[in-house]
Amino acid sequence: MRWLRYLGYALGGILLAGCVAFLVAAWIYRDIPAGVLEAKYTTPASRFLNVDGVRIHYRDEGSGPPLVLIHANFASLLSWDDAVESLKNTHRVLRFDMTGHGLTGPDPSGDYSLERTVELTGRFVDALQLEHFSIGGTSLGGTVAMHYTATHPERVDRLILLSPGSLEGRSMQRAGRAVPKAADILKYIAPRALAEFMLTSRFGDPSRVTDKLIDQWYEMWMREGQRAAILARLRSYSSADIVKVTAAIRVPTLILWGEENPQAPVEQAAELRQMLGSAPGVTIITYPGVGHMAAEEAGPAIAKDIQTWLAAPTVRQKESVPP
Amino acid sequence: MIAARPQLLSLLLLMAQAAAAQTQPAMDAKGWNLDTAPQSKTATPAEPPSTLNMRVYKDFDGRQQRIGDTSYAVDVSAVMTRCNDGSLIITALVIGGQLTPLDNHCPTTSK
């Protein structure tokens with residue numbers, strides 16, 4: 001029976017070592033206080049606005065017709081930095097951090113559904129008293145922009161979709177994917193390498209991913225409460241009836257897409273264009289060598305095309321007539 | 001969704017290449033009115049990037065009431081590519097939701 005005792009000691013030792021290792025890792029990967037991140041990432045253009053119990057962080061830059069920009073999942077308003085650099089010369093650009101992202105942090109309601117996100121977006125633009133504006137979003141932000149536009153046609157002048165996530169979401173729903181319970185460990189242990197992996201896998205040219213960008217993503221993830229919020233959003237994600245939503249869009253729409261986009265292949269642009277059958281004009285521009293995170297990877301080129309398109313008069317779809 | 005007929009597809013490809021080549025629209029042999037194609041002009045940086053965006057009616061037999069009836073319509077849009085050298089070219093058509101590549105490519109110096 002002595003060997004049983006030794007086996008017990010061994011298993012106990014392994015368990016103890018595992019617990020110590022977990023605690024050490026959890027301490028290493030501990031949350032970063034919100035105040036620390038706000039001190040680092042706010043600029044003179046940064047504002048905070050309380051909307052339905054959520055302290056939304058946004059930036060308000062430039063002057064001209066208002067343009068609201070919404071970032072992707074896992075990202076923050078910083079995604080638009082390169083694009084805003086020129087967009088602010090012609091537009092008043094308003095970009096905000098969605099709940100569970102950037103400096104906005106978790107939603108006290110714990111609701112990260114698409115419906116709640118669209119509702120908060122609406123309350124945000126209401127609070128800013130934006131009567132008419134153009135709205136754009138990338139990935140999840142594109143989905144939010146589509147939903148808002150479909151339900152508020154009287155407010156939105158034009159819609160800009162940069163590799164929107166709805167079709168990707170639809171594919172995910174078709175495949176029945178779910179976030180495994182084991183992913184909860186990310187609440188305690190989240191290595192920087194994960195942010196690096198996500199970025200490099202979402203860039204057409206991974207060499208364009210900078211350490212600064214990886215640090216931005218990672219540090220925002222490590223904001224207190226953020227990781228639980230990210231997981232909650234992933235688990236509650238549903239793109240809803242995107243066919244119905246897109247059919248309700250009746251504003252000129254610009255579709256921008258990176259051609260090297262494994263997360264949302266460029267062919268989806270064609271599918272999306274077909275779904276936007278009620279839009280009075282759809283323009284599609286693709287970017288060779290650019291991946292899913294196109295705002296980060298090709299910001300200046302995208303900004304140029306957005307500016308040109310916004311400056312152009314509305315081009316309504318032409319119809320064939322009998323000869 | 002209505003599938004474009006092969007003849008229609010050929011026609012649309014022809015139209016897109018005509019637009020890409022910045023030629024004037026013309027009447028085709030099958031009687032489709034290519035005046036619905038965009039009026040090609042000399043491209044300038046400020047020109048709106050909406051070179052081709054139209055709705056074509058399938059099996060159009062002259063009955064005006066079909067105009068506006070989406071069950072007879074095929075939407076056609078150009079897919080433009082912003083090349084690394086800054087040029088903007090038409091590289092594909094979306095015809096009824098199907099991506100149809102054209103034989104237009106960015107300059108070889110572009111990635």
Side-chain angles (χ1 to χ4, degrees), chain A residues 158 167 204-205 207-208 243 246-247 252-260 265-290 294 298 300-323, chain B residues 1 8 11 27-28 30-39 44-58 60-64 66-68 70 72-84 86 88 90-101 105-106 110-111:
Chain A
R158 297 193 186 205
L167 300 171
D205 180 358
S207 69
R208 292 184 185 135
V243 174
T246 48
T253 302
L254 174 63
I255 298 175
L256 305 171
W257 219 288
E259 293 181 3
E260 305 297 323
V266 69
E267 287 76 14
Q268 289 184 356
E271 190 180 355
L272 179 60
R273 195 271 164 264
Q274 177 71 358
M275 292 159 67
L276 290 165
S278 302
V282 180
T283 300
I284 307 172
I285 301 177
T286 65
Y287 300 89
V290 174
I302 284 164
K304 181 182 174 188
D305 287 329
I306 290 175
Q307 277 175 314
T308 304
W309 182 74
L310 287 173
T314 301
V315 180
R316 295 206 170 260
Q317 183 167 260
K318 298 178 180 182
E319 301 202 343
S320 63
V321 295
Chain B
M1 186 177 72
L8 176 60
L11 170 62
M27 190 78 75
D28 79 313
K30 291 183 64 64
W32 286 91
N33 190 341
L34 295 193
D35 285 341
T36 57
Q39 295 298 314
T44 61
E47 188 175 0
S50 50
T51 314
L52 181 61
N53 190 33
M54 60 190 296
R55 174 163 287 168
V56 177
Y57 287 90
K58 178 176 173 279
F60 199 98
D61 55 5
R63 283 188 286 170
Q64 289 289 339
R66 284 190 177 171
I67 292 180
T70 54
Y72 286 89
V74 176
D75 287 332
V76 182
S77 292
V79 175
M80 287 167 282
T81 295
R82 176 66 70 189
C83 301
N84 290 347
L88 189 66
I90 297 176
T91 53
L93 288 178
V94 178
I95 306 171
Q98 298 296 314
L99 193 66
T100 307
H105 303 282
C106 288
S110 298
K111 210 172 167 185

task: Identify which one of B/V79, B/V94, B/L99 satisfies the side-chain contact (heavy atoms from CB on, under 4.5 Å) criterion when paired with A/R273.
output: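 Looking at B/V79, B/V94, B/L99, the match for A/R273 under the side-chain contact (heavy atoms from CB on, under 4.5 Å) is B/V94.
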
query: Who pairs with B/T81 by side chain to side chain donor-acceptor pair (under 3.5 Å), at least two apart in sequence or on another chain?
result: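 With sequence neighbours excluded, B/T81 shows a side chain to side chain donor-acceptor pair (under 3.5 Å) to A/E259, A/T286, B/T91, given in chain and number order.
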
Locate the shortest heavy-atom distance separating [X] from [Y]; write the atom from each residue and the value.
| X | Y | answer |
| --- | --- | --- |
| A/Q274 | B/G96 | OE1-C, 3.2 Å |
| A/I284 | B/S77 | CD1-CB, 4.3 Å |
| B/R82 | A/P288 | O-CD, 3.1 Å |

message: Under the rule for side chain to side chain contact (heavy atoms under 4.5 Å, CB included), what residues qualify as partners of A/Q307, not counting sequence neighbours?
response: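 With sequence neighbours excluded, A/Q307 shows a side chain to side chain contact (heavy atoms under 4.5 Å, CB included) to A/S86, A/L87, A/T90, given in chain and number order.
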
